[in-house]
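Okay, structure first, notes after.
Note on naming: letters A, B, ... go to the chains in the order of the sequence lines (proteins, then strands), and numbering restarts at 1 for each one.
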Number of protein chains: 2
Amino acid sequence: MKTELNPDISQALSAIAGREFGNVFLVACGGSLSIMHPGKYFLDRHSKVLNSDVYNADEFIARSPQKLDDKALVILCSQTGTTKETARAAEFARAKGAATIAMTLDSASPLANAAENVVNYQAFYTTGVPIDAAESNYGVLYMLLAGLVKQTDGIDVVPSLLKSLSNLQPAIDKAHDVFAPLFEDYAPRLAKKDVIYTLASGANYGAAYSFSICVLMEMQWINSQAIHANEYFHGPFEVTDKDASFIVMVGLDETRRLEERARDFALRFGSEDNVMVLDAEKLDLTGIDDAFRGYLVPLVFFDTLWRFAYKIADLRGQPMLEGRRYMKKISDY
Amino acid sequence: MKTELNPDISQALSAIAGREFGNVFLVACGGSLSIMHPGKYFLDRHSKVLNSDVYNADEFIARSPQKLDDKALVILCSQTGTTKETARAAEFARAKGAATIAMTLDSASPLANAAENVVNYQAFYTTGVPIDAAESNYGVLYMLLAGLVKQTDGIDVVPSLLKSLSNLQPAIDKAHDVFAPLFEDYAPRLAKKDVIYTLASGANYGAAYSFSICVLMEMQWINSQAIHANEYFHGPFEVTDKDASFIVMVGLDETRRLEERARDFALRFGSEDNVMVLDAEKLDLTGIDDAFRGYLVPLVFFDTLWRFAYKIADLRGQPMLEGRRYMKKISDY
């Protein structure tokens with residue numbers, strides 16, 4: 001059972017404890033950017049003090065918000081720490097007087113060197129070594145933000161978060177079994193599709209975004225888009241027909257009704273054969289406090305969906321990480 | 001030549017002049033939400049005082065940010081004023097003590113009735129009557145925000161904006177001629193595609209989003225996604241091949257280099273036949289101040305792209321507004 005924040009998180013929080021922040025900028029690219037969406041969701045719902053923004057790292061630099069000054073905290077994330085835009089964003093933020101915290105696997109990376117404070121996390125799919133989901137990018141970001149809100153707002157949800165994170169990995173392990181028959185059923189049909197949309201809202205939106213752009217598009221060259229569950233009804237739903245494919249995330253946060261509505265529509269005008277619904281109500285989340293279920297469900301969805309992705313990859317005969325043609329294959333762009 | 005803000009904008013600004021705001025929430029759905037992205041871009045770059053957030057209206061209600069209180073200003077937009085989520089968001093915001101300004105075509109609509117202040121704009125594609133782009137949703141939002149920043153930050157860019165808006169419609173009229181050969185060239189090829197992506201960043205992102213979801217998806221049932229020009233390199237670019245179709249917006253704001261990079265990659269690994277580039281440097285923007293060119297270019301892109309959409313619609317034999325199967329056709333969802 002986790003009872004304390006990770007030492008490097010506590011150290012980063014101590015280092016910035018004397019400063020009064022008005023703004024938190026959550027800055028990264030691609031998959032690392034995706035976790036920032038639920039990060040902002042958490043801050044929006046927990047802090048009366050902090051404003052937060054989620055920016056792609058290069059957009060952040062070019063946009064150069066007026067609010068980026070010594071009253072700003074910039075949290076950046078890059079798995080390898082070598083994402084150039086994100087490392088540059090850290091330098092840019094420091095030059096503006098902002099406090100910086102880098103999240104990365106590698107404390108000796110360019111991003112880690114560029115930021116004042118470094119917080120490590122773990123990733124299974126990079127190292128191949130099983131990890132505890134509490135120590136993943138999501139888990140570490142939530143710990144960092146919960147610790148921050150304790151400092152800025154005096155609201156202490158850290159014990160509840162730590163308890164919940166301690167029970168996350170067992171919940172994920174069980175979720176693999178819960179979703180296995182669903183994945184088995186849908187993989188053969190969805191593997192043949194040229195377009196697969198994900199649908200989600202609230203804390204789940206980032207996981208949908210990441211699955212669309214980093215898995216379906218990047219590794220399987222399947223056209224995809226994460227459609228916000230309510231935005232769906234304001235244009236995108238017109239592509240829904242019996243052949244259209246959707247992966248719908250129905251989570252447990254305050255926006256669940258948005259996801260339910262999108263699910264119902266997709267099932268009604270699409271075909272049940274092509275609309276795969278991940279419903280968090282089917283999961284055993286024992287030990288995860290109600291207050292954190294909505295925030296931790298996207299980790300469960302994203303982790304379990306990797307198995308679905310590998311199934312699709314097998315059926316398509318296109319390997320996952322090795323299947324890229326540009327990323328880490330060419331460098332002159 | 002416009003020399004003063006529209007009377008209803010001045011009136012709304014006067015009505016809130018006594019209040020001290022920390023946060024601006026920009027709230028709408030679909031196409032009306034798309035204009036809020038450049039709105040936030042403008043605030044990010046011009047205000048030291050105001051924080052701003054862009055939310056889908058139903059997400060906004062469900063999320064219920066802690067910052068939504070009597071120090072918040074909520075700007076909402078719905079063309080007809082009948083978008084249920086947006087009207088509810090106005091009620092929700094008022095109940096939280098926030099100030100509310102509704103942008104709509106119809107001052108007697110549910111949204112107009114729900115908000116304290118109402119600001120009108122004009123839309124050609126709804127009324128069929130030619131309008132001055134200065135009075136469009138974008139134009140009115142910029143006027144409102146420039147007036148707001150003058151009140152909160154004491155920075156007066158209103159005269160420059162008004163002068164620039166006065167010269168916008170002639171610039172759009174000329175842009176139609178500039179882009180006509182491009183559209184003529186690409187329409188026959190893109191009309192045959194099942195998937196067309198838009199690529200943009202900064203102030204253009206909203207126009208790309210709107211063209212993707214409200215035109216390509218909603219009216220032509222073409223699969224689409226607005227990909228942020230830098231996010232493209234962190235996953236989505238892997239779908240690029242000689243058949244992949246992109247509409248790339250290359251504008252004149254601070255993020256132009258992001259769009260140029262995406263354009264260059266798409267042209268290099270895609271086919272010039274399927275990558276249509278709208279470059280604002282080709283436009284005659286006489287009378288639009290340099291400081292506002294980046295903000296007004298998305299209006300030029302979006303307006304001209306409508307003609308491209310109608311060309312595609314003709315070639316596909318699928319009408320535009322009449323082509324919807326769900327929106328305004330069924331109501332029980």
Select, from A/His46, A/Met219, A/Lys40, the one with the greatest count of heavy-atom pairs under 4.5 Å involving chain B.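 When all of A/His46, A/Met219, A/Lys40 are compared, A/Lys40 has the most.
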Got [X] and [Y] here, is their nearest side-chain heavy-atom distance under 4.5 Å?
X        : Y        : value
A/Val195 : B/Val195 : yes
A/Tyr197 : B/Asn223 : yes
A/Gln225 : B/Met217 : yes
A/Lys67  : B/Leu50  : no
A/Arg325 : B/Glu238 : yes

For side chain to side chain contact (heavy atoms under 4.5 Å, CB included), just list the numbers for B/Ile330 and A/Phe269, CA-CA rounded to whole Å, side-chain angles, deciding distance to a tenth of an Å, and then say yes or no. CA-CA 12 Å; B/Ile330 58 167; A/Phe269 293 100; 3.3 Å; yes
Counting heavy-atom pairs under 4.5 Å with chain A, which one of [options] comes out on top?
options                      : result
B/Val215, B/Leu258, B/Leu33  : B/Leu258
B/Asp241, B/Ile227, B/Asp194 : B/Asp241
B/Cys214, B/Pro236, B/Ala226 : B/Pro236
B/Pro65, B/Gly22, B/Cys29    : B/Cys29
B/Thr255, B/Thr240, B/Leu68  : B/Thr240

Side chain, backbone, both or neither: which part of [X] has a non-hydrogen atom closer than 4.5 Å to chain B?
X        : answer
A/Phe42  : neither
A/Ala262 : neither
A/Tyr232 : neither
A/Ile222 : backbone
A/Asp332 : both
A/Ser47  : backbone

Please check if atom [atom1] in [X] has more than 12 non-hydrogen atoms from other residues, nucleotides or ligands closer than 6.0 Å.
X        : atom1 : answer
B/Lys84  : NZ    : no
A/Lys242 : NZ    : yes
B/Glu322 : CD    : yes
A/Lys193 : NZ    : yes

Please report the interatomic distance NE2(B/His234) to OG(A/Ser210), rounded to the nearest 0.5 Å.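 So the NE2 of B/His234 and the OG of A/Ser210 are separated by 13.0 Å.
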May I ask you to decide if A/Gln66's main-chain N or O and B/Arg45's side chain share a donor-acceptor pair within less than 3.5 Å? no
Would you say the rings of A/Tyr326 and B/Phe265 are close, in the sense that their centroids are separated by under 6.0 Å? yes
Tell me if the aromatic rings of B/Tyr333 and A/Phe237 count as close, with their centers under 6.0 Å from one another.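 That pair passes the under 6.0 Å test.
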For a quick test of reading the model, state the closest non-hydrogen atom pair linking B/Ser52 to A/Asp53 and the distance between them.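 Here B/Ser52 and A/Asp53 meet closest at O-OD1, 3.7 Å.
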Considering only NZ, NE, NH1 and NH2 on the basic side and carboxylate oxygens on the acidic side, decide whether A/Glu85 and B/Arg261 come within less than 4.0 Å.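 Yes, A/Glu85 and B/Arg261 are salt-bridged.
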[X] portion near chain A, given a 4.5 angstrom heavy-atom threshold:
X        : result
B/Arg268 : side chain
B/Ser224 : backbone
B/Asp69  : side chain

Donor-acceptor contacts, no H, no angles, side chain residues 56-63 of chain B, under 3.5 Å, sequence neighbours left out:
unit_1, atom_1, unit_2, atom_2, d
B/Asn56, OD1, B/Asp58, N, 2.9
B/Asn56, OD1, B/Glu59, N, 3.0
B/Asn56, ND2, A/Asn230, OD1, 2.8
B/Asn56, ND2, A/Glu231, OE2, 2.7
B/Asp58, OD1, A/Arg257, NH1, 3.1
B/Asp58, OD1, A/Arg257, NH2, 3.0
B/Asp58, OD2, A/Arg257, NH1, 2.9
B/Glu59, OE1, A/Gly202, N, 3.0
B/Glu59, OE1, A/His228, NE2, 2.7
B/Glu59, OE2, A/Gly202, N, 3.4
B/Glu59, OE2, B/Arg63, NE, 3.1
B/Glu59, OE2, B/Arg63, NH2, 2.9
B/Arg63, NH1, A/Asp44, OD2, 2.8

Restricting to side chain to side chain contact (heavy atoms under 4.5 Å, CB included), what partner residues turn up for A/Lys192, sequence neighbours left out? none
I'd like to know whether B/Asn23 forms a side chain to side chain contact (heavy atoms under 4.5 Å, CB included) with A/Asn51, so could you lay out the CA-CA distance, the side-chain angles of the two residues, the decisive distance to 0.1 Å, and finally the verdict. CA-CA 8 Å; B/Asn23 287 75; A/Asn51 300 287; 2.7 Å; yes
For A/Glu218 and B/Val239, run side chain to side chain contact (heavy atoms under 4.5 Å, CB included): C-alpha distance rounded to whole Å, both residues' side-chain angles, the deciding distance at 0.1 Å, then the answer. CA-CA 7 Å; A/Glu218 177 182 323; B/Val239 301; over 6 Å; no
